[in-house]
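The structure under discussion appears below in the form of structure tokens.
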Number of protein chains: 2
Amino acid sequence: MTKQRWLGKEPVSLATVAAQAGVSIATVSRIVNGETRRASPETVERVQKLISTLGYRPNHVGRTLRRRESRIVAMLSPNLDNPAMAGIAASVETALRSAGYVMILCDTHDRADLQDEYLHAMRSQVVQGYVVVNAVQSDGLSAAVARGDPIVFVGRRNPDGGGSFVGIDNWRAGIDAADHLWSRGFRELAVTYPLQGSSATRDRVGGFIARLEQLGLTRNAVRQAGASGLSHLEVGYAAAKSLVDGRPWPQALFCPSDLMAYGAYRLASEHQVQVPKECSIIGVDDNTLNAWIAPWLTSVRIPYGDFGDRVVEQLQVLWAGEPGSEQLLPHELIVR
Amino acid sequence: MTKQRWLGKEPVSLATVAAQAGVSIATVSRIVNGETRRASPETVERVQKLISTLGYRPNHVGRTLRRRESRIVAMLSPNLDNPAMAGIAASVETALRSAGYVMILCDTHDRADLQDEYLHAMRSQVVQGYVVVNAVQSDGLSAAVARGDPIVFVGRRNPDGGGSFVGIDNWRAGIDAADHLWSRGFRELAVTYPLQGSSATRDRVGGFIARLEQLGLTRNAVRQAGASGLSHLEVGYAAAKSLVDGRPWPQALFCPSDLMAYGAYRLASEHQVQVPKECSIIGVDDNTLNAWIAPWLTSVRIPYGDFGDRVVEQLQVLWAGEPGSEQLLPHELIVR
DNA sequence: GGGAACTTGGCAAACGTTTGCCTAAACTGT
DNA sequence: ACAGTTTAGGCAAACGTTTGCCAAGTTCCC
């Protein structure tokens, strides 16, 4: 009794409308779905009036069971606290909505077990597709891919390879960062990275170093330091610490994410090192807040706001039974 | 054919398992739900083995239709891009998950029409409850409240009054900010606010001004400026601009949100005004990033990470048929 | 040995939709 | 007038579960 009060006092269904209108459920269903040719104009009008006065709304659960499509898409994201992830979530949500879908959001905390748990749970919910941001390797994911479930990978590629992907050319982003610093005349360079890095951060760092070698720096001339930790903020701080431990700060430091750059910045502040005067820091993401409170940071802007549309495009491709593709969006170096 | 490939090649249902096991659907259903006393130990084992080898997972849609509970909760939030909102979303998601629910996330962009559209859509999805962050007044919302739908309001109270609420004592937060600045000896004070402000920001500003009057400042001694705009970042910038237009900067400035404080900070930077040396800025929220890149900002910390548990508590109260209550969480002034 | 109680499990009705098929009645053309 | 077509709408099966009720068979107690 009290348990189902959430349904409203009057769970008005097709049957309710049909009874009031004196027609069959089938007829009401057809009218609801716009198939007006199967009923006389008077019937249609009578039923439509009743629908609006009774406030009838099709029950999606019944519809899903019958039609076998839920219009629900699951998004699995690691830590939503990361502004970049939140940006992706917002963008995808908006794009899905305008395509008539709703999004179930799952925070995997970057853990393989939680990712699997969610993948299972979402399958139970009969979701129509998955958007997996920064996927980690896991059995459940491999199984879903093998099953042919429609999955769009965002940020990181499918750990098992293949499939739909939306992101940027991370290697190229690293190259662009290197070119920028080089053209400014910096030669004492350093890079920090997360130890349990994903393909995305690895590529950024890889591109950065490879480019510098191409430009004439020896591999050892580029100082490198990794660290591990929960958040990129802490990773950036710790990595920077081990980088400058007892040594002078480099002229410029490349961090494969803005959060890591923030971590490095904190250490620089503690060391009274001025950014960017004494040490330039360059990150990746270009968080919205940078323009307001971190103008000292140069960053490779990733157009997260454009991800949503591409993700939905890819989902539609997969739903059509065609193979997905890689969508690389343009990034842009922002200097303030 | 291709259309339903997402279901997997073998949509294994109770019927599948039952057929293989040579028992009825009912028996399998009972075993799945742990009602083992209704079958012989051998049957139970045989069925359970089959369940795991076939990879059977209960279909939530069928279950929802029958049981009339979807274990889905809808969260309506304005702009997820705001780190505070993202923090709430993350916290609520985690709390819901550990209570066995999943969350559908809807970004209302602070628009009444979108809020209504989502409320309708979620009702169709037969969600079991709603978490509405910074609700705006709308017909659909009033209707949902009147219907007795379980709704927990977060951040802003129910515009129509009453109901469950999770948030902080905003008036008190304003008071605390005033006390802090006063105790530091500042007497030339100012405050900015959004023109189309919510009850939350109004209360913060109201408490701030009321306290200063109590302390002996006349109302006119507190400089005030409002502005409107899409984002609090821009509002903060514009309000600060109109505040200092041709006049000296105050000793301290209260902004009812961190984002507004960031906006004011940008203007201060453009005016070569040092923060906090020449002008102290105090915000509300205490964004995680403050410790890393905005140590100049004093802020009233809102424990967003604790919101999730309280929200779920309130939902459970509502589901039990009891009236919800107001949950005011403790805030804390953070000075760096 | 006979009723009571328990064990094991099946039947079938719901939950709200959608949709292929059927059927009358009305209309059309010749 | 009669066959053929169109119109208007109902029937019932399915989608995957859950669960109240019923029915045999077994055990137990006196």
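Residue numbers begin at 1 in each chain, while the letters A, B, ... track the order of the sequences. This one's a predicted model, so the numbers in the text were calculated from it and none came from an experiment. Quick note: numbers below take in every heavy atom, side chains included, and nothing from hydrogens, waters or symmetry partners.
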**OP:** Indicate the atoms forming the closest heavy-atom contact of A:Ser77 with A:Met85, along with that distance.
**Re:** OG-CB, 3.8 Å

Original post:
More 5' along DNA chain D: A:Val23 or B:Asn33, using each one's nearest nucleotide?
Top reply: A:Val23

Subject >> Selected nucleotide, minimal atom distance to A:Ser24 side chain, candidates C:dT17, D:dT18, D:dG10 >> reply: D:dG10

**OP:** Decide yes or no, distance alone: a donor-acceptor N/O pair under 3.5 angstrom between the base of C:dT18 and the side-chain of A:Arg66.
**Re:** yes

**OP:** Please tell me if the side chains of A:Thr108 and A:Asn134 come closer than 4.5 Å, counting only heavy atoms from C-beta onward.
**Re:** no

**OP:** Before accepting this row, confirm whether a basic side-chain N of the pair A:Arg97/B:Glu117 lies closer than 4.0 Å to the acidic partner's carboxylate O.
**Re:** yes

Subject >> Whole angstrom value for the distance that separates P of D:dG16 from CZ of A:Arg123 >> reply: 13 Å

Original post:
Roughly, in whole Å, what's the span from CD in A:Glu69 to P in C:dT17?
Top reply: 16 Å

**OP:** Indicate yes or no: does B:Glu326 engage B:Arg157 in a salt bridge with an N to O separation below 4.0 Å.
**Re:** yes

Subject >> Nearest non-hydrogen partners of B:Ala135 and B:Leu141, listed with the distance >> reply: CB-CD2, 3.9 Å

Original post:
Is the CD atom of B:Glu45 crowded by more than 12 outside heavy atoms at less than 6.0 Å?
Top reply: no

Subject >> Salt-bridge present (A:Asp110, A:Arg156; N to O < 4.0 Å) >> reply: yes

**OP:** Output yes when A:Arg37 and A:Glu35 qualify as a salt bridge under the 4.0 Å nitrogen-oxygen rule, no when they do not.
**Re:** no

Original post:
B:Ile31 CD1 to C:dT8 P: how many Å, rounded?
Top reply: 11 Å

Show the distances under 3.5 angstrom between N or O atoms of the protein and N or O atoms of nucleotides 23-25 of chain D.
none

**OP:** Tell me which of B:Gly22 and B:Gly62 sits closer to the 5' end of DNA chain C, going by the nucleotide each one is nearest to.
**Re:** B:Gly22

Subject >> Spacing between A:Gln125 atom CD and D:dG16 atom C1', to the nearest angstrom >> reply: 14 Å

**OP:** Name the nucleic acid region contacted by A:Ala26, choosing base, sugar-phosphate or nothing; use a 4.0 angstrom heavy-atom cut-off, strictly under.
**Re:** base

**OP:** Using atom CG of A:Asn59 as one end and atom C1' of C:dA14 as the other, report the distance to the nearest whole Å.
**Re:** 14 Å

Original post:
B:Arg68 has a side chain; which of C:dG9, C:dT17, C:dG16 sits nearest to it?
Top reply: C:dG16

Original post:
Hey, does A:Val32 reach any base, or is it just sugar-phosphate, or nothing, if we go heavy atoms under 4.0 Å?
Top reply: nothing

**OP:** Using the side chain to side chain contact (heavy atoms under 4.5 Å, CB included) rule, pick out the option among A:Ile151, A:Val152, A:Val154 that qualifies with A:Gln314.
**Re:** A:Val152

Provide a list of protein-nucleic acid N or O atom pairs under 3.5 angstrom, restricted to nucleotides 21-25 of chain C.
from, atom 1, to, atom 2, distance (Å)
C:dC21, N4, A:Arg38, NH2, 3.4

Subject >> Between C1' of D:dG16 and OH of B:Tyr56, the distance in whole Å >> reply: 7 Å

Subject >> Between C1' of C:dG10 and CD1 of B:Ile25, the distance in whole Å >> reply: 11 Å

Original post:
How would you label the contact of A:Ser40 with the nucleic acid (heavy atoms, under 4.0 Å): base, sugar-phosphate, or nothing?
Top reply: sugar-phosphate

Original post:
Roughly, in whole Å, what's the span from CZ in B:Arg37 to P in D:dT19?
Top reply: 14 Å

**OP:** Check whether more than 12 heavy atoms from other residues, nucleotides or ligands sit under 6.0 Å from atom CG of A:Asp139, and answer yes or no.
**Re:** no

Original post:
Would you say C:dT8 has OP1 or OP2 under 4.0 Å from some side-chain N or O of B:Thr27?
Top reply: no

Original post:
With a non-hydrogen cut-off below 4.0 angstrom, is B:Thr64 in contact with a base, only sugar-phosphate, or nothing?
Top reply: nothing

Original post:
Base, sugar-phosphate, or nothing: which does B:Ser29 touch, judged by heavy atoms less than 4.0 Å apart?
Top reply: base

Subject >> Below 4.0 Å: OP1/OP2 of C:dG16 and any side-chain N or O of A:Arg63 >> reply: no

